[in-house]
Amino acid sequence: MQEYSNNKNYKTDDSELKGRVPMESRALYYSEIERINRKELEELQLKKLKATLQVLYEKNPYFGRKLRQAQVKPSDIYKLEDIAKIPFTTKDDLRINYPIGLLNVGIEKVVRFHVSSGTTGDPTVVAYTESDVDKWSELNARCLTMMGVKRGDIIQIAYGYGLFTGGLGIHYGAERLGAAIVPSSAGNTKRQIKLMKDMHVTVLACTPSYALYLAEAAIQEGLNPKEDLSLRVGVFGAEPWSESVRKRLINQLCPEPYDIYGLSELCGPGVAAECPLKNGLHVWADHFIPEVIDPKTGEVLGPGEEGELVFTTIDKEAMPLLRYRTRDVSCLDIEPCACGRTHPRISRIKGRDDDMLKIRGVNVFPSQIEYVLERMEELGDQYQIILTKSGPLDDLKVKVEVKSSAVSDKPWDMVELKKKVESEIYSVLNLHVEVDLVEPGSLPRSEGKAKRVLDLRRSI
Amino acid sequence: MPVTQISVFVENKPGRFAEIATRLEHVKVKILAFCIADAGDFGIIRLIVNKPELARKALEGFAESIIQVVVVPITEQVSVSKIANLLGSKKVNIDYAYTSAIPINGNLALILRVNDVERTEKILRENSIEVLTQKDFE
């Protein structure tokens, strides 16, 4: 079987492609493997899956034990469907092994750690070898290229840099493909807008809620973002967002907003992204095997059936994961895409597989609120969602603890913060939710997520 | 050296100010001036104390921050009106002001929240108006 490495000829070098590819169809692939035929892709997946399983079975005490307990040997895997024999990995497995119990290489091979925030409990640590960082960079370069980002573009990366994977993940991908990076990181909205304007930034990478906030702030400053800024492409991820948000972003900020998906446990951003057809997100299946399961029974669901997304990493060294349950709700589409890519697509994430709430006819996942809160530095880790009934209508209120860094001697500033949280939640849910800022330590502490939702509707 | 004001975030419910006052009393920190500014469901308690470092330690667990303010003793010669008129004429905007709860070195004092503490203190001193420093409270 042919080994697919990154074919340098497919880099998005304008001079090389001119005259060979008609202008309008220059969708541009970063790597030839994006168009590998399905049969070869599946052979490659099977081979990599078996290799990953072999390594974990032999060398990883935790996964080795889990596999033995489930009586699964690497030699039991004959075809891709046999993956269903492998036990799931959950966030709890990561917590039990906090911080680096799942490390599958010696520490001397690790070049990076990222730490995911602890909004739903303890933080989780993810490690990378040099090769892991290299491959992660390539995956992000594939995503950005797919969105039309190329050498000559100026990309402002307003995802947080640091422990969060968002900033550095996109950064390495953009650098790989040769775009010029403005590493603005998160926060300081005024400066973000000034930089976008003065530097003629063409690509903005940030959360969709922050993108909406930037657009509003720019308008408040008297700018017309569509005319005064040069944005062409938006790389928006790290939280679920809807088609109505896409419309608002097109109207207010940039003509081409794309969804990008990832989670730190797998690597960070770059696991999947939209192609120009924007009909689902291509999962880089030479690195991850996606499955959709029934969250209650664990049964594998067929294409088009909605359930919990599960990923197996098949090309990672430092911390491979077997059938990792993401709690994200989506469905799989294995039909070939008109963009030419053969990698399967997942539908846009609806939210996490937790207790969905129905508020005034709107489906609300508590995790959508959590996505917003965990990204705001001024807010603490604890929050509570309270459901009440006012007349015939349901009301949703969020209590969130503030941190000292949020405290101003002028209460008005704190009211502004409250409004900012409310507007960010609105941008994700399309529903006005009242936010109460509360003192640190005032909310009940709980292990699980369920207790974060307090339903007072029946008792009133 | 200007004076430190501690701003503490509190929910608008009974007992919160008592909690703060009690904690400070326990570590023998004296509240010299305070002012509560409310904004609906929560408020900010602003405090001037004799030992700000110690006070902040005692308030651990609260969300709080500090800023510098200008503190001017009110005397027979230096009235509130005189201070306000002087600063007004020099285009110094007073964001908010309150007075001390007890006399400091014999006089009640006016606590001023201004944008430029250094410039404000300079203007006052140039006009022979005394400005207190944190040291005066020890």
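To find a chain, count down the sequence lines: A is the first, B the second, and so on, and within it residues start at 1. In this text the structure is predicted, and so the values were computed from the model without any measurement.
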**Study point:** Neighbour count above 12 (heavy atom, 6.0 Å) for Lys419(A) NZ
**Key:** yes
Review point. Got a donor-acceptor contact below 3.5 angstrom from the Ser404(A) side chain to the Glu64(B) backbone?
Key: yes
Practice item. Measure Asp95(B) against the heavy atoms of chain A and call it side chain, backbone, both or neither at under 4.5 Å. Key: side chain
Revision key, fill the gap. CG of Asp409(A) to CD of Gln5(B), rounded to nearest 0.5 Å, is 5.5 Å
Review point. Should Phe42(B) and Val438(A) count as side-chain neighbours, where that means a heavy-atom distance under 4.5 Å?
Key: no
Review point. Rounded to the nearest 0.5 Å, what separation is found between the CG atom of Asp41(B) and the NZ atom of Lys399(A)?
Key: 8.5 Å
**Study point:** Phe9(B) side, atom CZ; Leu437(A) side, atom CG - distance, nearest 0.5 Å
**Key:** 5.0 Å
**Study point:** Other residues, nucleotides, ligands: >12 heavy atoms within 6.0 Å of Glu118(B) CD
**Key:** no
Check your understanding: Around atom CG of Asp198(A), are there more than 12 heavy atoms of other residues, nucleotides or ligands at under 6.0 Å?
Key -> yes
Review point. Which bit of Glu434(A) comes within less than 4.5 Å of chain B, counting heavy atoms only: side chain, backbone, both or neither?
Key: side chain
Practice item. Give a yes or no on whether Lys197(A) atom NZ has more than 12 heavy-atom contacts from other residues, nucleotides or ligands under 6.0 Å away. Key: no
Check your understanding: Closest heavy-atom contact between Ser408(A) and Ile44(B)?
Key -> O-CD1, 3.4 Å
Review point. Within a reach of under 6.0 Å around CZ of Phe164(A), are more than 12 heavy atoms found that belong to other residues, nucleotides or ligands?
Key: yes
Review point. Under the 3.5 angstrom rule, does the side chain of Glu11(B) hit a backbone N or O of Glu439(A) as a donor-acceptor pair?
Key: yes
Exercise for review: Return yes when atom CD of Glu25(B) has more than 12 non-hydrogen atoms of other residues, nucleotides or ligands closer than 6.0 Å, and no otherwise.
Suggested key: no
**Study point:** Closest approach of Ala39(B) to Val415(A) (non-hydrogen atoms, all atoms of both residues)
**Key:** CB-CG2, 3.8 Å
Point to revise | Glu126(B) CD: over 12 foreign heavy atoms closer than 6.0 Å | key: yes
Revision key, fill the gap. The interface call for Asp436(A) against chain B, heavy-atom contacts under 4.5 Å, is side chain
**Study point:** Heavy-atom proximity to chain B below 4.5 Å, by part of Ser405(A)
**Key:** neither
